[in-house]
Structure formats: C-alpha cells, structure tokens
Amino acid sequence: MKDMIEDHRVIAEPWYRPLADEVALFEAAYAARMPVMLKGPTGCGKTRFVEHMAWRLGKPLVTVACNEDMTASDLVGRFLLDASGTRWQDGPLAFAARHGAICYLDEIVEARQDTTVVIHPLTDGRRVLPLEKKGELLKAHPDFHLVISYNPGYQSLMKDLKQSTKQRFGALDFSWPEARVEVEIVAHEAGVETATAEKLVDIGARARNLKGHGLDEGVSTRMLVHAGQLIARGVAPIAACTMAITRPITDDMDMRDALDAAVATFF
Ligand code: ADP
C-alpha cells in the first residue's frame, strides 16, 4: 500500500455517546488483543464506535468495506508491475498487521468464506499472516488488533460466518439506543434543538414497529441524523423526513403512506 501509516491516525476525537459499558469492554479486549465483533443493524454507531476507540487508544485505523468480489489477495496483498519491475504491495490487512493498526473489516459477511479464512492465523495465539505469494510469514505488530462488524439481520444460510470464524471473537451487541440517548445523538450530530430531535426519535420508534410488517430494516439513527441535518439547513421538517427517511427506506407505496402518516403525527 502506498499510503503511510500516519495517514491512518485519528487526530480529532470522534464524538461517541456510549450506550452501555462497551468502551470499557473494548479496552479490556484490546488489552488482551482479543479480536472483537460488533453486531447490530446498519447505522447504529458501530463505525463511529471503532473510530472513537482508535482515537482513545491512540492507534491508527485501517477500515475495509467488505464485498463479495473481494479476494484474499485484496486483503493480504499482491505483486504489482511498475517501471522498475515487480513490487509487493501489502493489502490493508497486512498493512495494519505490519504497522500495529486497528483493522476494521466492515460487513464481514459480505465477503466469501474463502476470503474470510485468511484472518484465522491472525486471530489466535499465532498472530501471523502468511503472505504466500511473497514467501513471507508476517508476524503481527504487538499493537495490531482486528475488529469486524456484522449485521445479524442479513443473516442467511448462504451469508453467515463460519463457527470457526465466529468463535475467535468477543462480541458486542449494538442496537437502537434508548430514546433519551438517541435524542442526544441526533441533536448533537445534526445540530438541531432537543425538541426537534425528540420528534425525529419518536418517528424512528414508530417506524421501527413496522419492521417485519413490510420493512426489512428499522429506520437507523443515521437516517434520523440525516433528517435533522436537512432541518438544520432550513428544510421544512416534513420534506426533510420524506427525503431522509421514507423515500430511501422503502419503495412500497403502502409502507410509504404508513411512514408519511407517522411523520405527520409529529410535524
Ligand atoms: P454503522 O457503522 O453501525 O452502520 P455508524 O457508526 O456509521 O453506523 O453510525 C451512523 C451515524 O449515526 C454516525 O455517523 C453518527 O452520526 C450517528 N451515531 C449513531 N450512534 C451513535 C453514538 N452512539 N454516538 C455518536 N454518534 C452516533
């Protein structure tokens, strides 16, 4: 990788509102170098949490958005051809392991299982990564730590983590924050008054009750923050909720009507 490890340092504190004892638990897991799995729906604060923890621990953060086309070489590295011949380029996992970063594999289930298994030797007592093509057994830097995120809602037989992968991690559950905490988050992140944040959080709670009755995923904290950001820029609240919440989350007309009605109750 061309980039320098210093580019991955988290300089300014990412604001994170703890939901329970996850900060202390993560610190203990880091001290033990126990790999951590963050479980929960999209948009509930997992990425922000890991950014905050990297800042708190003073470690660089290397993030990888996993997808099904990703190969083991995309994580580990490959030889590249350039003017001076072939040159090895570490993939993000090797880069993080070599330089002692926290490596965050976001939405790990999106990757194929033959890709996921490359993390195994890094997640047990060996803490090594074989760079087979290069003929190097990379010993992880003592500061290296692996974190993955995982949305159990998307779980299916085709897309699940192997037990042999899961059992290497300690897990923290993330879910929607309780209302008063979510109000704090929305008000802070969007820059809106508490009264507006309260209404957005109420709309979110109504919409989450529709999950399973036509909505696959609940309205996330991220969506409520988006609606608040539009309101903070002068957009009328109903238009803001339509753009940030009801239109992105569903194409089903009946469901849109139900969500529009929930919005109209509060604004
Ligand atoms: P995930 O990684 O779970 O998909 P993110 O961490 O990207 O979700 O969260 C989405 C947004 O929601 C963040 O950018 C932030 O504005 C807000 N957010 C959610 N939970 C929290 C929290 N506990 N503290 C601070 N911000 C939060």
Side-chain angles (χ1 to χ4, degrees), residues 8 10-27 35-57 59 61-67 92 102-111 145-155 159 161 169-194 196-205 207-208 211 215-233 235 240-241 243-245 248-249:
H8 293 266
V10 186
I11 312 281
E13 176 178 354
W15 184 80
Y16 177 73
R17 169 65 166 86
L19 309 177
D21 51 0
E22 69 273 27
V23 171
L25 287 172
F26 189 98
E27 280 178 337
V36 176
M37 176 187 320
L38 310 180
K39 300 178 80 165
T42 181
C44 69
K46 301 185 295 298
T47 302
R48 178 64 66 88
F49 173 67
V50 84
E51 288 168 350
H52 177 82
M53 292 312 299
W55 169 82
R56 193 177 260 272
L57 295 165
K59 301 298 166 212
L61 177 64
V62 174
T63 298
V64 183
C66 299
N67 66 72
I102 294 177
C103 186
Y104 178 46
L105 302 178
D106 194 8
E107 285 301 343
I108 184 92
V109 279
E110 293 298 325
H145 193 222
L146 188 67
V147 183
I148 63 177
S149 80
Y150 173 52
N151 181 348
Y154 290 154
Q155 203 171 324
K159 277 197 171 169
L161 287 179
F169 290 83
L172 292 170
D173 266 339
F174 283 70
S175 59
W176 312 124
E178 55 176 306
R180 69 180 175 84
V181 175
E182 198 168 37
V183 167
E184 230 181 273
I185 295 170
V186 172
H188 179 277
E189 292 291 297
V192 291
E193 301 285 327
T194 302
T196 305
E198 279 170 353
K199 289 182 186 177
L200 290 170
V201 168
D202 282 339
I203 292 168
R208 284 169 197 160
K211 186 174 173 227
L215 273 194
D216 299 334
E217 281 272 302
V219 166
S220 62
T221 306
R222 179 189 292 124
M223 290 184 128
L224 303 180
V225 169
H226 281 171
Q229 287 171 335
L230 294 176
I231 294 171
R233 281 159 185 77
V235 176
C241 292
M243 182 177 182
I245 301 172
I249 205 168

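This chain uses plain numbering: 1 for the first residue, then up along the sequence. Note that ligands are numbered from 1 as they come in the structure, with each ligand's atoms numbered from 1 the same way. Since the structure is predicted, the reported quantities are computational estimates derived from the model, not experimental observations.
Separating the OG1 atom in T42 from the CD atom in E217 is a distance of 6.5 Å, to the nearest 0.5 Å.
A cation-pi geometry, defined here as NZ or CZ lying under 6.0 Å from the six-membered ring centre and within 45° of its normal, does not hold between R48 and W15.
Each of Y104, F26, F169 was scored for a ring pair (Phe, Tyr, Trp, His ring centres under 6.0 Å) with H145, with one residue passing: F26.
In terms of protein heavy-atom proximity, atom 6 (O) of ligand 1 is closest to R48 N, 2.9 Å. If you check which protein heavy atom lies closest to atom 21 (C) of ligand 1, you get I185 CD1, 3.7 Å. Looking from atom 1 (P) of ligand 1 to the surrounding protein, the closest heavy atom is G43 N, 3.4 Å. Protein heavy atom at the shortest distance from atom 7 (O) of ligand 1 is R222 NH2, 3.0 Å.
Counting the atoms of ligand 1 from 1 in the order shown, those under 4.0 Å from a heavy atom of K46 are 1 (P), 2 (O), 3 (O), 4 (O), 6 (O), 8 (O). Listed by number with element, the atoms of ligand 1 under 4.0 Å from a non-hydrogen atom of R17 are 22 (C), 23 (N), 24 (N), 25 (C). Here is the list of ligand 1 atoms found below 4.0 Å of a heavy atom in T42: 4 (O).
Comparing heavy-atom distances from atom 20 (N) of ligand 1 across P41, G40, G45 singles out G45 as nearest.
Ring pair Y16/F49 is tilted by interplanar angle, where 30° to 60° counts as tilted.
Of the polar atoms of Y104, none of the N or O atoms is found under 3.5 Å from an N or O of ligand 1, judged by distance alone. Looking at ligand 1, you won't find any N or O of V225 less than 3.5 Å from one of its N or O atoms.
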Quiz item: Can you list the steps and then say if M53 with K59 is a side chain to side chain contact (heavy atoms under 4.5 Å, CB included)?
Solution: CA-CA 8 Å; M53 292 312 299; K59 301 298 166 212; over 6 Å; no
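Between R180 and E198 there is no salt bridge, since none of the side-chain N atoms of the basic residue sits less than 4.0 Å from a carboxylate O of the acidic one. Salt-bridge annotation for R208 and E182: present, with a side-chain N of the basic residue lying under 4.0 Å from a carboxylate O of the acidic one.
Side chains of D106 and S149: a donor-acceptor N/O pair is present below 3.5 angstrom, by distance only. For the residue pair H52 / R56, a side-chain donor-acceptor distance below 3.5 Å is found, with atom types taken as modelled.
At a heavy-atom distance under 4.0 Å, atoms from both the backbone and the side chain of W15 approach ligand 1. Proximity of T47 to ligand 1, defined as any heavy-atom pair under 4.0 Å, is shared by backbone and side chain alike. Looking at E189 against ligand 1, only its side chain comes within 4.0 Å, counting heavy atoms.
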